[in-house]
There are 4 protein chains.
Amino acid sequence: MEGFGVHTSMWTMSWDRAGCEKAVAKAVSYGMDFLEIALLDPPRVDAAHSRKTLEAAQMRSVCSLGLPQEVWASRNPEGATEFLCAALDKSAAIGAEALSGVVYGGIGERSGQPPTQAELDNVAHALSRAAQHARTLGLAFGIEPVNRYETHLLNTGWQAVEMIERIGADNMFVHLDTYHMNIEEKGMAQGIIDARDHLRYIHLSESDRGTPGAGTVGWDEVFGALRAVGFTGGLAMESFINMPPEIANGLSVWRPVASGEAEVMDNGLPFLRNKARQYGLI
Amino acid sequence: MEGFGVHTSMWTMSWDRAGCEKAVAKAVSYGMDFLEIALLDPPRVDAAHSRKTLEAAQMRSVCSLGLPQEVWASRNPEGATEFLCAALDKSAAIGAEALSGVVYGGIGERSGQPPTQAELDNVAHALSRAAQHARTLGLAFGIEPVNRYETHLLNTGWQAVEMIERIGADNMFVHLDTYHMNIEEKGMAQGIIDARDHLRYIHLSESDRGTPGAGTVGWDEVFGALRAVGFTGGLAMESFINMPPEIANGLSVWRPVASGEAEVMDNGLPFLRNKARQYGLI
Amino acid sequence: MEGFGVHTSMWTMSWDRAGCEKAVAKAVSYGMDFLEIALLDPPRVDAAHSRKTLEAAQMRSVCSLGLPQEVWASRNPEGATEFLCAALDKSAAIGAEALSGVVYGGIGERSGQPPTQAELDNVAHALSRAAQHARTLGLAFGIEPVNRYETHLLNTGWQAVEMIERIGADNMFVHLDTYHMNIEEKGMAQGIIDARDHLRYIHLSESDRGTPGAGTVGWDEVFGALRAVGFTGGLAMESFINMPPEIANGLSVWRPVASGEAEVMDNGLPFLRNKARQYGLI
Amino acid sequence: MEGFGVHTSMWTMSWDRAGCEKAVAKAVSYGMDFLEIALLDPPRVDAAHSRKTLEAAQMRSVCSLGLPQEVWASRNPEGATEFLCAALDKSAAIGAEALSGVVYGGIGERSGQPPTQAELDNVAHALSRAAQHARTLGLAFGIEPVNRYETHLLNTGWQAVEMIERIGADNMFVHLDTYHMNIEEKGMAQGIIDARDHLRYIHLSESDRGTPGAGTVGWDEVFGALRAVGFTGGLAMESFINMPPEIANGLSVWRPVASGEAEVMDNGLPFLRNKARQYGLI
């Protein structure tokens with residue numbers, strides 16, 4: 001994981017053959033270093049096709065997901081482990097470098113209480129075993145803290161670090177996201193500073209999940225801190241436009257947050273790349 | 001509504017006699033111009049006691065609330081109207097200047113879809129009748145857009161303006177909140193600019209609902225825009241510390257976001273007041 | 001004055017025939033609404049050629065200057081008046097809409113003391129007469145406060161407003177510059193708020209006079225405040241690259257502040273235009 | 001050098017016995033860790049009295065200066081060396097930990113051209129010899145890049161680093177200043193990132209040299225970057241109020257930039273300390 005990539009939500013929320021081919025072609029046309037593939041339904045992914053399409057385009061990839069409710073790790077660590085191991089197998093088959101995201105639970109999982117020790121124990125158990133499996137596959141394995149409304153388990157960089165250090169697997173990493181950091185961290189630099197020893201991936205996402213550069217995220221704080229801590233991992237632009245209703249619901253996006261793909265790619269992408277270059281990150 | 005006040009959550013989430021007396025005494029000791037009273041359970045409030053306590057301290061007040069699920073306006077406009085009229089009566093009895101907040105629904109209300117025309121019609125119907133009742137009581141009546149996770153109905157300043165202009169009641173006003181704006185608006189100034197014709201109240205709340213000045217909110221953008229649009233309404237500091245579990249759940253706050261009251265009052269309050277003075281707002 | 005333009009320093013510091021033709025062609029190619037012409041040596045400008053070239057391209061223009069030392073208004077108000085009237089005549093002959101800039105003195109003028117009443121009287125005298133002459137020509141006449149090192153006379157928006165209100169000429173206007181505001185104002189919004197009643201022109205210049213978007217200027221504060229005060233004047237991008245030594249000396253630029261024209265035009269210009277569009281200013 | 005201190009300009013510009021006693025008492029009363037003493041006229045300082053006063057109060061100190069014109073290092077390296085060695089002797093006699101500031105030239109020194117190789121050779125020669133002398137005295141020796149108007153020699157963090165690495169003296173350090181960085185660096189974090197290997201001291205000064213927190217400096221970028229690079233050096237608040245005319249002239253401050261000492265100490269000091277604590281720097 002290194003360089004500048006993009007989440008496939010820009011072009012498809014469905015990683016079928018058509019979605020894969022479209023996204024890879026688009027990613028190439030925009031000079032992306034890698035694609036982040038949303039592995040929403042791992043069994044249905046045609047890994048051989050994905051691998052072939054990615055390799056033909058010399059496009060690297062990272063897979064990401066959130067867990068379905070029946071296998072949330074806090075409640076069903078065995079189910080989560082099984083799901084994650086299958087997703088890791090699929091990621092390896094695709095040729096991805098890592099699996100990351102809300103691998104510890106559901107997007108929207110909230111018990112109504114602070115996380116209990118038992119919940120965190122369950123999460124640690126599942127992640128530990130999945131990390132071991134990832135190591136056998138040569139994959140890195142990331143956890144992405146998300147905001148308080150999307151999970152009650154891990155909201156900040158330091159909580160992710162605590163989980164990783166508890167598990168002690170050196171192929172695990174922290175995956176931050178500026179959208180969530182903007183809500184949870186005490187300053188945009190703080191999550192980066194807290195997570196620095198394990199930080200290998202970051203979603204560059206605007207405060208409203210729309211066009212990067214046109215919201216409230218303090219981008220100079222983000223990029224300055226990334227440079228200052230010596231970040232060399234992957235930078236992945238993420239915006240959510242033209243979503244199917246079930247995804248919009250999961251993310252609680254009720255209105256268009258950008259006028260369309262053109263605004264994000266023509267305004268937001270150059271903005272982020274210029275900032276990344278300004279701070280020597282690409 | 002004018003000057004600098006504070007939400008009573010700083011000192012009590014329970015507006016009973018003891019909570020009222022504590023909060024009023026504290027507000028006086030910090031030189032507040034007004035108190036925002038969380039009217040979570042209007043029938044149980046001893047209005048005569050509140051009024052007497054407030055008047056004795058020469059402390060002005062504003063009441064705020066969110067609707068219980070059984071009377072969400074989008075689904076039960078008659079129930080909402082009835083609840084709001086009773087809350088307005090109570091607010092008037094207390095001697096408050098306004099009732100505001102998520103008066104159009106529940107904190108956490110989400111249908112899973114964008115708001116439908118029927119939902120917005122129901123909301124408009126209930127708010128219109130409540131606004132009429134408020135006028136007979138000499139009360140202003142505000143609506144507070146909140147972030148996408150706390151409602152699917154009204155997330156931005158311009159959505160609140162659309163609702164108010166549709167209803168056409170001149171005692172209605174927009175009530176912004178910097179915590180929600182930080183997630184929803186395209187720049188902190190934008191919500192203020194969009195809402196300017198109806199903006200009479202703003203919650204000054206940090207990005208993590210902790211200590212003002214120690215998060216990601218762009219305060220100079222907030223105060224500069226307030227000054228530039230000629231804002232003369234109420235500025236209400238809001239932080240959430242030491243909450244009972246049911247409130248923490250409603251707000252999805254799973255960890256302490258400040259070390260305690262002292263940090264908010266000794267660091268956050270002077271920070272906000274200095275900024276408000278710098279921009280000539282108080 | 002309205003729309004988005006650029007200072008000719010981007011392409012030429014010498015407004016001779018070749019410089020004029022190059023700058024106009026470039027401005028057209030970048031879709032500029034107007035050009036700001038540096039009128040460093042008014043008598044030598046071939047106004048008929050400039051007018052013809054500008055009109056052929058349908059390019060509007062604004063002229064700007066600083067006074068030569070022998071006619072600094074603080075010391076030689078008659079000389080300043082004469083120089084300004086000649087420059088106004090030339091501006092009118094070119095077909096420009098306004099003359100603006102450090103029309104009250106020299107770039108680098110510093111007495112070593114705060115401005116005296118006598119100096120300000122002299123400035124007011126010269127500007128008043130020049131403004132009268134501008135009115136006969138149908139020209140607007142602007143004054144640009146600059147930072148403490150470039151003048152001791154007018155450093156802030158409110159000082160410019162005081163001067164204009166003292167003179168009372170309604171064709172005079174305040175011309176701000178974000179580079180100077182970043183040093184002098186108490187927040188980027190403050191100068192805009194202070195100058196709002198007379199503000200008709202603003203230089204969009206980065207904190208180091210390099211590529212807009214790659215410095216310390218708080219652009220969201222700038223554009224948010226411009227929108228909030230209802231600004232409808234001219235937005236002029238200004239960067240200083242590839243300057244001849246005498247200009248670099250006047251501006252105290254001792255190193256390249258951008259890699260070249262391409263960086264400013266390919267990164268800085270889209271950045272500023274996107275922000276201006278985001279806030280509804282163009 | 002570590003902890004939080006203040007430049008004596010807050011209380012006196014004259015380091016005579018009365019000035020020393022006043023400043024030390026004030027620094028104690030505000031809980032400062034150290035004082036920065038302006039060594040404007042080294043021979044006239046009563047070092048024994050300063051040392052005794054500082055030691056009695058257990059107040060640490062750092063000395064700073066700019067060179068008089070007759071001994072600017074770029075033109076008169078021998079004179080500069082002699083002046084600096086004497087100032088170092090005096091600093092040692094006072095019991096200071098370091099001598100720093102514009103030790104390479106005059107505040108306001110500008111040749112009108114970019115620095116020549118010969119000028120930089122002269123500067124390096126003088127600084128090298130002064131650094132050797134400082135080492136014999138057990139003193140650290142810092143250089144402070146200042147903005148383009150105050151010198152043409154060293155304006156940015158990386159220029160200061162280049163000079164130090166050329167000289168190769170391990171008791172030399174970079175001394176940054178947020179006021180100057182705000183004009184010269186490509187983002188507030190950039191100078192800190194560039195200077196990180198040699199950065200041991202920083203002036204915390206607002207964009208207009210007035211009250212910290214009430215200007216345009218991006219303080220979260222500053223403190224976040226300091227934390228991220230592992231800064232453990234001295235943080236020195238610097239504001240310029242109530243200056244004698246000759247100092248105001250040197251700094252080109254033509255109007256009061258704060259209402260007085262109270263505003264700086266009551267608003268600016270807590271602002272900076274809270275930010276420093278937020279980022280774990282004190």
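Proteins come first, then strands; the chains are lettered A, B, ... in the order of their sequence lines, and each starts at number 1. Since the structure is predicted, the reported quantities are computational estimates derived from the model, not experimental observations.
Of all the listed residues (D/Gly250, D/Pro114, D/Gly210), the one sharing the greatest number of non-hydrogen pairs under 4.5 Å with chain C is D/Pro114. For the set D/Ala248, D/Gly215, D/Gly112, the entry with the most heavy-atom pairs within less than 4.5 Å of chain C is D/Gly112. The candidate from C/Asn155, C/Asn147, C/Asn182 with the greatest count of non-hydrogen atom pairs under 4.5 Å with chain D is C/Asn182. The candidate from C/Arg148, C/Arg110, C/Glu184, C/Met188 with the greatest count of non-hydrogen atom pairs under 4.5 Å with chain D is C/Arg148. For the set D/Val253, D/Thr216, D/Val257, the entry with the most heavy-atom pairs within less than 4.5 Å of chain C is D/Thr216.
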Between C/Leu235 and C/Leu281, is the side-chain contact (heavy atoms from CB on, under 4.5 Å) condition met? List the steps. CA-CA 9 Å; C/Leu235 301 157; C/Leu281 290 162; 4.3 Å; yes
Would you please test C/Tyr149 and D/Glu150 for side-chain contact (heavy atoms from CB on, under 4.5 Å) and show each step? CA-CA 9 Å; C/Tyr149 303 103; D/Glu150 297 196 6; 2.6 Å; yes
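Judged by the 6.0 Å distance and 45° axis criteria, D/Arg196 is not positioned over the aromatic ring of D/Phe231.
With a 4.5 Å cut-off on non-hydrogen atoms, C/Ser111 does not touch chain D at all. Proximity to chain D is limited to the side chain of C/Gln159, based on heavy atoms less than 4.5 angstrom apart. Proximity to chain C is absent for every atom of D/Leu153, based on heavy atoms less than 4.5 angstrom apart. Contacts between D/Val217 and chain C at a heavy-atom distance below 4.5 Å are absent for every atom of the residue.
Side-chain atoms of D/Ser64 do not come within 3.5 Å of backbone N or O of D/Glu36 as any donor-acceptor pair.
Heavy-atom minimum distance, C/Val222 versus C/Ile192: O-CD1, 3.6 Å.
In this model, a donor atom of one side chain and an acceptor atom of the other lie less than 3.5 Å apart for C/Glu206 and C/Trp219.
A salt bridge links D/Asp121 with D/Arg166; the closest basic N to acidic carboxylate O contact falls under 4.0 Å.
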